[in-house]
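As structure tokens, the structure follows; a few thoughts come after it.
Sequence positions, counted from 1, serve as the residue numbers for this chain.
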Amino acid sequence: MTDRTASVRVECVQGNIAAQPDMDAIVNAANGELMPGSGVAGAIHGAAGPELAEECRPLAPIQPGQAVITGAHKLPNRHVIHCLGPVYGVDEPSDRLLAECIHNALRLADHHGLASIAFPAISTGVFGYPLDQAAEVVMEAVADTLDELRTVRTIRFVLFSDDDLAVFESARKAQSGLA
Ligand code: AR6
């Protein structure tokens, strides 16, 4: 098996997921109906315009752990990948469902021949997933998926605050192969 850890860059930055113009795809922390909401979903739908919700309508509903891909409309990216994260303490096992979001989003990006994808911290807002636990789960899921990737070369995590960035950066460094 080829070692992909050297050829895929995993990075963490502070910022707004809806303002990552150098990424082929950005990931939405969606609701099951794929409609505009608060937080990440509000920022992405707000920047993309109402045509994004129109494109999403026939793809809904989705289940926790699932991911679907659409165009990006007025956003500067090629695609939006919509993931439904688990509601912490409700959708179980939440660690497996969160890991599936990461796997499924990365596979979709790769199947579409994309080189770069940016994730927010799925489930850690309205859905209540503790940030430190989520950071460990997602970094392990990334490490587990690297060998499957053929076109994705940059995986970026965009955190809203400097404190959240420090937690994700520490989880990235703790995951062997991503340091
Ligand atoms: N850029 C980057 N990170 C952000 C942004 C942004 N613009 N806005 C918020 N965050 P959330 P969830 C952070 O609630 O927990 C929605 O209403 C935020 O600080 O957006 O998966 C949907 O419609 C937090 O750390 O997503 C769903 O119903 C993280 O992104 C539900 O909320 C995720 O927060 C999804 O909940």
Side-chain angles (χ1 to χ4, degrees), residues 10-88 90-91 94 97-98 100-106 108-109 112 114-135 137-139 141-142 152 154-169 171-172:
V10 181
E11 59 190 27
C12 302
V13 303
Q14 187 277 325
N16 175 4
I17 189 68
Q20 304 296 319
D22 56 331
M23 293 283 111
D24 287 341
I26 59 169
V27 174
N28 183 16
N31 49 65
E33 297 306 317
L34 300 175
M35 286 297 112
S38 60
V40 167
I44 288 179
H45 279 272
E51 294 80 8
L52 179 59
E54 286 308 312
E55 187 183 356
C56 283
R57 201 178 301 280
L59 304 176
I62 63 168
Q63 303 305 314
Q66 258 190 292
V68 293
I69 190 165
T70 66
H73 300 276
K74 294 195 176 75
L75 282 159
N77 315 96
R78 288 169 63 188
H79 291 283
V80 177
I81 295 177
H82 308 258
C83 289
L84 178 59
V87 177
Y88 190 71
V90 174
D91 298 316
S94 51
L97 293 168
L98 182 56
E100 276 179 18
C101 284
I102 304 297
H103 287 304
N104 288 331
L106 289 172
L108 262 182
H112 282 76
L114 307 184
S116 52
I117 177 170
F119 285 88
I122 295 170
S123 283
T124 66
V126 172
F127 284 176
Y129 211 119
L131 193 87
D132 54 342
Q133 291 179 37
V137 170
V138 305
M139 290 305 167
V142 168
V152 171
T154 304
I155 302 170
R156 176 180 296 166
F157 288 91
V158 180
L159 290 311
F160 222 18
S161 72
D162 285 330
D163 286 350
D164 291 358
L165 171 62
V167 172
F168 261 64
E169 188 60 354
R172 184 186 67 81

Next item on the list: Using modelled atom types only, decide if a donor and an acceptor are shared between the side chain of Asp24 and the backbone of Ala115 within a distance under 3.5 Å.
Entry: yes

Next item on the list: Quick one: do Glu33 and Arg57 satisfy side-chain contact (heavy atoms from CB on, under 4.5 Å)? Show the steps, please.
Entry: CA-CA 7 Å; Glu33 297 306 317; Arg57 201 178 301 280; over 6 Å; no

Next item on the list: Run through Asn16, Val158, Val27, Ile26 and flag the one making a side-chain contact (heavy atoms from CB on, under 4.5 Å) with Pro120.
Entry: Val27

Notebook entry, point to check: Sub-3.5 Å donor-acceptor pair from the side chain of Asn31 to the main-chain atoms of Leu84, do we have one?
Noted result: no

Note to self: Let's go through Val138 and Ile122 carefully: what are the C-alpha distance in whole Å and the side-chain angles of both, what is the deciding distance for side-chain contact (heavy atoms from CB on, under 4.5 Å) to 0.1 Å, and is it a yes or a no?
What the structure shows: CA-CA 9 Å; Val138 305; Ile122 295 170; over 6 Å; no

Notebook entry, point to check: Would you say His112's side chain and Leu108's backbone share a donor-acceptor pair under 3.5 angstrom?
Noted result: yes

Item checked: Over all atoms of both residues, closest heavy-atom pair of Ala121 and Leu159 -> CB-CD1, 3.8 Å

Checklist line | Worked verdict on Phe157 versus Arg172 for side-chain contact (heavy atoms from CB on, under 4.5 Å) | finding: CA-CA 10 Å; Phe157 288 91; Arg172 184 186 67 81; over 6 Å; no

Margin query: Would you say that Ile155 contacts Phe119 through its side chain, given a criterion of any heavy-atom pair below 4.5 Å between the two side chains?
Written below: yes

Next item on the list: Measure the shortest side-chain to side-chain distance between Gln63 and Asp91 over non-hydrogen atoms and say whether it is less than 4.5 angstrom.
Entry: no

Note to self: Are the side chains of Ile81 and Asn28 in contact, using a 4.5 Å heavy-atom criterion?
What the structure shows: no

Checklist line | Euclidean distance, Gln14 CD relative to Glu169 CD, rounded to 0.5 Å | finding: 13.0 Å

Check: Can you find a pair of side-chain heavy atoms, one from Cys12 and one from Arg156, that are under 4.5 Å apart?
Finding: no

Checklist line | Heavy-atom pair of closest approach, residues Pro64 and Pro86 | finding: CB-CA, 4.5 Å

Notebook entry, point to check: For the residue pair Ala109 and Ile117, what are the closest heavy atoms and their distance?
Noted result: CB-CD1, 4.0 Å

Checklist line | Short side-chain donor-acceptor distance under 3.5 Å, His82 and Thr70 | finding: yes

Notebook entry, point to check: Considering only heavy atoms from C-beta outward, does the side chain of Ile69 approach that of His79 to under 4.5 Å?
Noted result: yes

Note to self: Would you say the ring centers of Tyr88 and Phe127 fall short of 6.0 Å from each other?
What the structure shows: no

Note to self: Would you compute the distance between atom CD of Gln66 and atom SG of Cys83 and round it to the nearest 0.5 angstrom?
What the structure shows: 10.0 Å

Check: Do the side chains of Val40 and Phe160 get nearer than 4.5 Å, heavy atoms only?
Finding: no

Margin query: Ignoring hydrogens, what is the shortest heavy-atom contact between Ala18 and Ala47? Give both atom names and the distance.
Written below: CB-CB, 4.3 Å

Next item on the list: State, to 0.1 Å, how close Gly71 and Leu52 come at their nearest heavy-atom pair, and which atoms those are.
Entry: O-CD1, 3.6 Å

Next item on the list: Heavy atoms only: give me the nearest Ile44-Val80 pair and the separation to one decimal.
Entry: CG2-CG1, 4.2 Å

Check: Salt bridge or not for Lys74 and Glu51, using N-O below 4.0 Å?
Finding: yes

